[in-house]
Amino acid sequence: MKVLGIETSCDETGAAIYDSERGLLAHVLYTQAALLAKYGGVVPELASRDHIRKTIPLINQVIEEAGLSGNELDAVAYTAGPGLAGALLVGAITGRTLAFGWGIPAVAVHHMEGHLLAAMLETDPPAFPFIALLVSGGHTQLVKVAKVGSYEILGDTLDDAAGEAFDKTARLLGLGYPGGVELAKLADQGRSDRFHFPRPMLDRPGLDFSFSGLKTAASKVISENESSAQADIAASFQAAIVETLVTKCRRALRTTGFERLVIAGGVGANRLLRLQLQSMVQEENAQVYFPRMEFCTDNGAMIAYAGCLRLLSGQQADLAIKVYPRWSLDQLA
Ligand code: KG4
Ligand code: ZN
């Protein structure tokens with residue numbers, strides 16, 4: 001089954017074709033980073049309009065790169081939520097309409113389920129069950145995954161997401177958008193032991209996170225220090241987030257007795273996080289699985305793949321075009 005996947009939930013337009021027999025055939029991505037840079041973040045109306053400009057050309061491109069024509073596709077998968085309503089509507093309208101025109105089924109995909117399954121596109125995919133750490137701009141969750149569609153949220157953020165904390169602190173440091181990547185680059189040139197940032201909620205039991213205090217602490221340290229301290233601040237800040245995430249992942253493995261940890265979402269591209277998770281799982285006799293860097297952040301491949309699994313299990317969308325800007329992973333069947 002050849003599935004076209006469309007991703008438009010935030011500030012990246014992605015399209016991909018996944019074939020249940022041959023794997024990923026092609027994927028293309030356009031990021032609005034340059035467009036949004038001068039605003040320092042996502043402007044929903046601008047994001048929606050840019051998706052309108054980019055979605056059809058990207059779909060044409062990915063079909064061509066896969067060496068197919070539109071009528072050889074078997075289904076269309078599109079991100080229906082969570083995300084920005086206007087942005088989601090572009091992908092949903094395009095996907096649902098193309099499927100109707102081609103006379104093939106369509107399926108509405110949960111963006112975070114896409115992230116969560118992205119590591120399964122790699123050559124050595126994780127087996128079920130596993131613990132997933134979802135770390136993106138909008139989510140920081142530990143999820144117990146028994147099988148596709150069976151998601152129990154073990155821990156969640158009480159305020160900011162990890163990516164949001166990276167982005168807000170990057171902004172305070174005067175770095176460009178998207179901030180997480182820029183902050184991580186600056187951190188590479190700094191010393192992580194110069195400033196001590198809090199490790200939120202590590203002293204308390206449970207698997208929840210809280211990152212807003214960390215951002216406040218960063219704001220104070222930034223205003224009290226010269227700009228020459230910026231790389232050290234970035235490194236110290238990154239170390240605090242990474243240690244917090246790694247400790248909670250260790251705790252999740254221990255409390256469930258699971259031996260596999262799967263990382264997903266934009267912050268999963270962070271190099272320090274990847275390194276420290278690798279050494280943590282060695283100590284725990286467990287294994288960690290990462291999507292390739294480009295499939296940590298938003299992309300169409302994960303949507304085509306998640307959509308394909310949903311379709312193979314018999315699911316499909318009716319003709320109504322619906323999006324779900326707020327949609328919890330544990331509401332999925
Ligand atoms: O998954 P994603 O592309 O979009 C959402 O669904 O939110 O994640 C984007 C988030 C942003 O907050 C971005 O700053 C962060 O992931 N991010 C990083 C890195 N690359 C992306 N944060 C830290 N280090 C990175 N290397
Ligand atoms: Zn995402």
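Both counts, for ligands and for their atoms, begin at 1 and track the order of listing. Computed from a predicted structure; not experimentally measured. For the single chain, residues carry numbers from 1 onward in sequence order.
Taking every non-hydrogen atom of Thr297 and a distance limit under 4.0 Å, the qualifying atoms of ligand 1 come out as 3 (O). Atoms of ligand 1 found under 4.0 Å from any heavy atom of Asp298, numbered from 1 in the order shown, are 1 (O), 2 (P), 3 (O), 4 (O), 5 (C), 6 (O). Close approach to Gly163 involves these atoms of ligand 1, each under 4.0 Å from a residue heavy atom: 12 (O). When each atom of ligand 1 is checked for a heavy atom of His111 under 4.0 Å away, the hits are 6 (O). Counting atoms of ligand 1 from 1 in the listed order, those under 4.0 Å from a heavy atom of Ala269 are 26 (N). Atoms of ligand 1 lying under 4.0 Å from at least one heavy atom of Ser136, given by number and element, are 1 (O), 5 (C), 6 (O), 7 (O), 8 (O).
Taking the charged nitrogens against the carboxylate oxygens, Asp167 and Arg171 have no contact shorter than 4.0 Å, which rules out a salt bridge. Classification of Lys185 and Asp188 as a salt-bridged pair fails, no side-chain N sitting under 4.0 Å from a carboxylate O. Glu283 and Arg250 are joined by a salt bridge, as a carboxylate oxygen and a charged side-chain nitrogen come within less than 4.0 angstrom of each other.
Between the side chains of Asp11 and His51, no donor N or O sits under 3.5 Å from an acceptor N or O.
In terms of N/O distances under 3.5 Å, ligand 1 is not approached by Val181.
Checking Gln141, Glu113, Gln331 one by one against Tyr151, the side-chain hydrogen bond (donor to acceptor under 3.5 Å, both in side chains) holds for a single residue, Glu113.
Judged by a 6.0 Å distance limit and a 45° cone about the ring axis, Arg274 is positioned over the six-membered ring of Phe290. Judged by a 6.0 Å distance limit and a 45° cone about the ring axis, Lys54 is positioned over the six-membered ring of Tyr30. Lys248 forms a cation-pi arrangement with Phe209, by the criterion of a distance under 6.0 Å to the ring centre and an angle within 45° of the ring axis.
Note on Asp298: its N/O/S atom closest to the Zn ion (ligand 2) is OD1.
A centroid separation of 6.0 Å or more is found between the aromatic rings of Tyr324 and His110.
Taking hydrophobic clusters as Ile, Leu, Val, Met, Phe, Trp and Tyr residues chained together by side-chain heavy-atom distances below 4.5 Å, Val267 shares a cluster with Leu142.
Geometry about the Zn ion (ligand 2) gives an angle of 90° between NE2 of His115 and NE2 of His111, rounded in steps of 10 degrees.
The shortest heavy-atom distance from Arg271 to ligand 1 is not under 4.0 Å. Taking 4.0 Å as the cut-off, His115 counts as a neighbour of ligand 1 on heavy-atom distance. The shortest separation from a heavy atom of Gly138 to ligand 1 is under 4.0 Å, placing the residue in contact.
When Asn299, Asn270, Asp11 are ranked by how near their heavy atoms come to atom 23 (C) of ligand 1, first place goes to Asn270. When the heavy atoms of Ala170, Gly137, Gly179 are ranked by distance to atom 10 (C) of ligand 1, first place goes to Gly137. Heavy-atom proximity to atom 12 (O) of ligand 1, evaluated over Asp167, Val135, Leu273, is greatest for Asp167.
If you check which protein heavy atom lies closest to atom 19 (C) of ligand 1, you get Gly266 O, 3.6 Å. Summary of contacts: the protein heavy atom closest to atom 22 (N) of ligand 1 is Gly180 CA, 3.6 Å.
Sorted by first and then second residue, the side-chain hydrogen bond (donor to acceptor under 3.5 Å, both in side chains) pairs involving residues 70-82 (not counting sequence neighbours) are Glu7-Thr79, Ser69-Asn71, Ser69-Glu72.
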